[in-house]
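A short worksheet on the structure shown next.
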Amino acid sequence: MDFKLTEEQELLKKNVGDFARQELAPMVQEVDEKGGFSWDVWWKLASVGIQGLSGPEEYGGAGVTSLLTQVMVIEELARYDFSSAANIVSNWAMIRKLNDDGSEEHKKRYLEPLCNGEIVGSFAQTEPNSGSDVASLSTTARLEDGYYVLNGEKCFVTQAGEAEFTFVVARTGTKTGRNAISTFLVEKDREGYILGEKESKLGYRGSTTRTLALVDCKVPASNMMGEEGKGLNTALKGLASGRLLTAAQALGQTQAALDASIQYAKERVQFGRNIGSFQLIQGMLADMAIDLESARLLTYYACWLRDNDRPFAIYSSMAKTLATDVAMKAGVDAVQIYGGYGFMRDYPVESIMRNVKITQIYEGTNQIQRLIIARELLGDKRSFRELYGQK
Ligand SMILES: Cc1cc2nc3c(=O)[nH]c(=O)nc-3n(C[C@H](O)[C@H](O)[C@H](O)COP(=O)(O)OP(=O)(O)OC[C@H]3O[C@@H](n4cnc5c(N)ncnc54)[C@H](O)[C@@H]3O)c2cc1C
């Protein structure tokens, strides 16, 4: 066993942490109050090349393929600016999808600007009646004279309205279930690509979230990503890695909760003593630290497995669940340690509680993660739809 980070990882972690603390942290509150994606913040991130960190070198990326390194970068960003960390994870997912399944033309057009932060993309899988039950989605794509015609409604599309294109997951053919689903790249200026109003959110407010309606929206057949009917695989590919990047967002915020709680426990005086001298406060601090280190170790272990080509999906689900549950508890406890001040927007902990809630919901809710883990433990190979009665 070797827990030592490489010199490169140590340096990157330090540099990203310094950058996020000095350049991003001062902008966080304003972005949170205003709500919506901030291009100013995005360009700051671009000035140090974070958008392209995981991207292929031939398209201007830095080619960092180690998931452990990527996780450490996201953790450091999330420690100071949750929304930027989550937005970068989303950008890396766009780059990965395009690189794996995009046509040569799309790669040439979009990869470089995605890597250098000139544009963003978005991903539309969720529908009003299809969330965790992905295979029930009802958006259709009908082939007509060399074009696919898309119809349907998507919701919770992150960066919709800012994005140059959207990966739309839709049903091709007449079969039900997961084998008739395909993914398409839909450019924002296509006719019938109709955006809804910006949603107002509890947390992760430095992103834009909207619905997207597709009304007879035509795209060339070459806009299909990957093979026809395998779209769910295309959409879900990379999810196990993505979940570890979600764990990283939660770890960064838990670290922030712990840092702020320690500082406040040393400063705040009640009954003539620092509140840090009270054992009930000490218990919360100690639990937060234990939870953080456990979740971090499991996350890094899952990354190590993936980086060494070993099966890691179950560990990824475990790490995502643990890290995000731990972050939620840390956010709530940090507010408790701050007392009434913790409830105020001028103090740094209430936003942690609001932000990390999303990490228990997206990239597969924590209930779904527990089902994945249990199914694996029980050796059950059936899909969720088979398990719950709908074939
Ligand atoms: C801020 C934000 C950004 C998002 N960004 C995107 C995006 O960019 N693109 C995109 O496609 N989607 C996006 N999503 C959607 C997100 O992935 C879904 O919200 C998530 O998958 C859950 O789906 P749902 O909201 O429909 O909840 P549901 O699936 O309706 O679940 C409701 C509750 O029931 C539980 N549940 C469901 N099935 C089971 C089961 N079998 N057993 C036990 N419990 C179960 C869930 O865990 C949850 O607690 C985003 C959501 C948010 C809030």
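Ligands are counted one by one from 1 in listed order, and the atoms in each one are counted from 1 as well. These figures come from a predicted structure and were not determined experimentally. Here, residue 1 is the first one in the sequence, and each next residue gets the next number.
- Regarding atom 1 (C) of ligand 1, its nearest protein heavy-atom neighbour is Ile358 CD1, 3.6 Å.
- Ligand-side atoms of ligand 1 in range of Leu371: 40 (C), 41 (N), 42 (N), range being under 4.0 angstrom from any heavy atom.
- Taking atom 44 (N) of ligand 1 as the reference point, the nearest protein heavy-atom neighbour is Gln367 CB, 3.7 Å.
- With respect to Arg142 and Glu144, a salt bridge is recorded, a charged nitrogen being found less than 4.0 Å from a carboxylate O.
- With rounding to the nearest 0.5 Å, the separation of CH2 in Trp42 from OG in Ser83 is 11.0 Å.
- Atom 37 (C) of ligand 1 has its closest protein heavy atom at Ser132 OG, 3.7 Å.
- Scanning the protein for heavy atoms near atom 39 (C) of ligand 1, the closest one is Ile368 CD1, 4.0 Å.
- Here CG of Leu114 is found 13.5 Å from CH2 of Trp92. Values are rounded to the nearest 0.5 Å.
- Distance remark: protein heavy atom not present below 4.0 angstrom from atom 34 (O) of ligand 1.
- Within a 6.0 Å radius of CG in Asp145, other residues, nucleotides and ligands contribute 12 heavy atoms or fewer.
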Checklist line | Audit row: Arg79, Glu75, salt bridge (Lys or Arg N to Asp or Glu O under 4.0 Å) steps and yes/no | finding: CA-CA 6 Å; Arg79 184 171 177 180; Glu75 207 183 323; over 6 Å; no
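- Set against the non-hydrogen atoms of Thr365, the atoms of ligand 1 under 4.0 Å away are 22 (C), 46 (C), 47 (O).
- The hydrophobic cluster containing Ile275 also contains Leu258, counting ILVMFWY residues as joined when their side-chain heavy atoms lie under 4.5 angstrom apart, directly or transitively.
- For Arg96 and Asp100, the salt-bridge test fails: no basic side-chain N is under 4.0 Å from an acidic carboxylate O.
- Ionic pairing of Lys34 and Glu30 is not present here: no N-O contact between side-chain nitrogen and carboxylate oxygen is shorter than 4.0 angstrom.
- The protein heavy-atom contact nearest to atom 26 (O) of ligand 1 is Gly131 CA, 3.2 Å.
- Counted within 6.0 Å of CD on Glu7, heavy atoms from surrounding residues, nucleotides or ligands total 12 or fewer; the atom is thus considered open.
- Considering backbone and side-chain atoms together, Asp133 places no N or O closer than 3.5 Å to any N or O of ligand 1.
- For ligand 1, one of its N or O atoms has an N or O atom of Thr126 under 3.5 Å away.
- Note: an N/O pair closer than 3.5 Å links Thr158 and ligand 1 by distance alone.
- Residue Phe123 has at least one nitrogen or oxygen atom sitting less than 3.5 Å from a nitrogen or oxygen atom of ligand 1, judged on distance alone.
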Next item on the list: Please assess Phe343 against Tyr341 for the test ring-ring contact (aromatic ring centres under 6.0 Å, His included), listing each intermediate value before the final yes or no.
Entry: CA-CA 5 Å; Phe343 209 65; Tyr341 297 98; over 10 Å; no
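- Within a 4.0 Å radius of atom 47 (O) of ligand 1, the protein contributes one or more non-hydrogen atoms.
- Within the 6.0 Å centre-distance limit, the rings of Phe184 and Tyr148 are counted as a close aromatic pair.
- In terms of protein heavy-atom proximity, atom 51 (C) of ligand 1 is nearest to Phe156 CB, 3.7 Å.
- Polar contact with ligand 1: absent for Tyr204 (N/O pair, distance under 3.5 Å).
- Contact annotation for atom 3 (C) of ligand 1: protein present (non-hydrogen atoms, distance under 4.0 Å).
- Between Ile361 and ligand 1, a contact under 3.5 Å exists for no N or O pair.
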